Number of protein chains: 2
Amino acid sequence: MSEVIALFTRASKLLRGAADRAVSQHGVRLGQNLVLEVLWESDGLTPGEVAQRLHVSTPAMVQAATRMEAAGLLTRRRDPDDARLVRLYLTEHARSIREPMQAARAELHRRATARLSPDELRHLRSALTKIIQEFAEDPPDEDHAAEDSQG
Amino acid sequence: MSEVIALFTRASKLLRGAADRAVSQHGVRLGQNLVLEVLWESDGLTPGEVAQRLHVSTPAMVQAATRMEAAGLLTRRRDPDDARLVRLYLTEHARSIREPMQAARAELHRRATARLSPDELRHLRSALTKIIQEFAEDPPDEDHAAEDSQG
DNA sequence: GGGATGTCATTAACTAGTTAACGATAACGC
DNA sequence: GCGTTATCGTTAACTAGTTAATGACATCCC
């Protein structure tokens, strides 16, 4: 049908597949690397906090944590001050793969934008941001925002 | 991180959620409407054929067919000429919701592109097509292609 | 015509997400 | 201090996708 949403779906799936293959080389599954990226920045978050940052439900994060625990990527520890809370701590191994994983992410980004001119890339970011704004209640994650700044 | 891939993922998820809510009103789940759209056009395809058109695996389509059969949306019938094949036929009910479902899809499209100028929309389609070309072995579904023709 | 090969759908086991229900623990009100 | 309420993580049941293994049926070739 070649309409925007169909193109979007297709591109999204292809990107997802490429990302999965990329991170799999380091024994990590797609989605797990997003958790890693959050915890590399701030270790010891709770499942709920990570879920919120990744825009997924808490149960999804709990299940991911269980798998990642089994894979030796993180450990759960009860918060000593509030026994309702669980805190997620990365293992030494998870910290050790930070560099190569980030290199893989950079390479994926390079490839995704390979056929786009800087101008097209700027347009794309702008369009994506507008779509996000249309559908999100929360504003679209303005770390150092993409708005119209041609970073 | 506000980089293109992150924006992409976020937009994709939001679009997916909006699409799910839209089709749910008609008792259909996300993904099922894609199957419906294929079968509305050509009823009686095999699971493998539908899977190929939707770029999903055959088992995924088989499972979707099972759920859709349980939901009264389609029936399976063995091909009389080749007993390996199963053919999927829509029920009367599935055919009856074609119009409202397509209206919902149009509305979703309208909303997704609400904040984009025609020029931005054209840029977006072009960029998405280029990303698809970068990652797909198959060319990106050229029904009446989006390439650079400013339809 | 009958055995090797190919082509289907299906099942199994998995990742990954959802909502709803549950259970433990804090925190608040009195 | 103790019951109610709120806040966590977890589990359960589901949709939706993947790859790998099965099994039924065609086809090819001899």
Side-chain angles (χ1 to χ4, degrees), chain A residues 9-10 12-24 27-36 44-71 73-89, chain B residues 9-10 12-24 27-36 44-71 73-89:
Chain A
T9 304
R10 182 106 172 85
S12 179
K13 175 173 275 188
L14 287 167
L15 268 175
R16 196 177 168 82
D20 197 13
R21 279 188 296 277
V23 300
S24 288
V28 171
R29 309 287 319 226
L30 186 59
Q32 297 189 346
N33 73 319
L34 301 177
V35 176
L36 289 179
L45 293 178
T46 67
E49 286 167 342
V50 178
Q52 194 169 3
R53 298 193 189 198
L54 295 181
H55 303 287
V56 299
S57 66
T58 302
M61 184 54 225
V62 167
Q63 292 171 153
T66 300
R67 286 190 293 267
M68 292 176 76
E69 198 171 23
L73 289 169
L74 57 77
T75 60
R76 281 179 163 96
R77 231 175 295 160
R78 212 92 217 179
D79 187 305
D81 297 334
D82 186 341
R84 290 173 303 182
L85 303 181
V86 160
R87 300 204 168 271
L88 306 175
Y89 296 97
Chain B
T9 304
R10 182 105 172 86
S12 179
K13 176 174 276 189
L14 287 168
L15 268 175
R16 196 177 168 81
D20 197 12
R21 279 189 296 277
V23 299
S24 288
V28 171
R29 309 286 318 223
L30 185 58
Q32 297 188 346
N33 73 319
L34 301 177
V35 176
L36 289 179
L45 293 178
T46 67
E49 286 167 342
V50 178
Q52 194 169 3
R53 298 193 189 197
L54 295 181
H55 304 286
V56 301
S57 67
T58 301
M61 185 53 225
V62 167
Q63 292 172 153
T66 301
R67 285 189 293 267
M68 292 176 76
E69 199 172 22
L73 289 168
L74 57 78
T75 60
R76 282 178 163 96
R77 232 175 295 159
R78 212 91 216 179
D79 188 305
D81 297 335
D82 187 340
R84 290 172 304 183
L85 303 181
V86 161
R87 300 205 167 271
L88 305 176
Y89 297 96

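The chains referred to below are lettered A, B, ... by the order of the sequence lines, with proteins before strands, and numbering in each begins at 1. All of these numbers come straight from a predicted model, not from anything done at the bench. Side-chain atoms are counted along with the backbone in the values below, which use heavy atoms only and exclude waters and symmetry mates.
Between A:R78 atom CZ and C:dG23 atom P there is a gap of 15 Å when expressed in whole angstrom units. The CE atom of B:M61 sits 18 Å away from the C1' atom of C:dT7 (whole-angstrom rounding).
Applying the side chain to side chain contact (heavy atoms under 4.5 Å, CB included) test between B:T46 and each of B:V86, B:L85, B:T58 identifies B:L85 as the sole match. Each of A:D81, A:D79, A:D82 was compared with A:R87 under the salt bridge (Lys or Arg N to Asp or Glu O under 4.0 Å) criterion, and only A:D79 meets it.
Within residues 81-89 of chain A, the residues that place at least one heavy atom under 4.0 Å from DNA chain D are, in residue-number order, A:R84, A:L85, A:V86.
Map A:P80 and A:A60 each onto its nearest nucleotide of DNA chain C; the residue landing nearer the 5' end is A:A60.
For DNA chain D, the contact window with chain B, defined by any atom under 4.0 Å from a protein heavy atom, covers D:dT15 to D:dA26 in 5' to 3' order.
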Would you please test B:R10 and B:L14 for side chain to side chain contact (heavy atoms under 4.5 Å, CB included) and show each step?
-> CA-CA 6 Å; B:R10 182 105 172 86; B:L14 287 168; 3.8 Å; yes

Does the pair B:V56 and A:K13 meet the rule for a side chain to side chain contact (heavy atoms under 4.5 Å, CB included), with working shown?
-> CA-CA 10 Å; B:V56 301; A:K13 175 173 275 188; 3.1 Å; yes

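Here B:T66 lies out of heavy-atom contact (under 4.0 Å) with every strand. Looking at heavy-atom distances under 4.0 Å, A:R76 makes contact with sugar-phosphate atoms alone, never a base. Residue contacts for B:Q63: at a heavy-atom cut-off of 4.0 Å it reaches a base atom on one of the strands shown.
The local environment of CD in B:Q52 is sparse, with at most 12 non-hydrogen atoms from other residues, nucleotides or ligands closer than 6.0 Å.
Distance check: B:L88 CG to B:L73 CG gives 11.5 Å after rounding to the nearest 0.5 Å.
Closest approach of B:V23 to B:L30, counting heavy atoms only: CG2-N, 3.8 Å.
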Just distance, no hydrogens or angles: give the donor-acceptor pairs under 3.5 Å from side chains in residues 60-69 of chain A, sequence neighbours left out.
| unit_1 | atom_1 | unit_2 | atom_2 | d |
| --- | --- | --- | --- | --- |
| A:T66 | OG1 | A:V62 | O | 3.0 |
| A:T66 | OG1 | A:R76 | NH2 | 3.2 |
| A:E69 | OE1 | A:R76 | NH1 | 2.8 |
| A:E69 | OE2 | A:R76 | N | 3.4 |

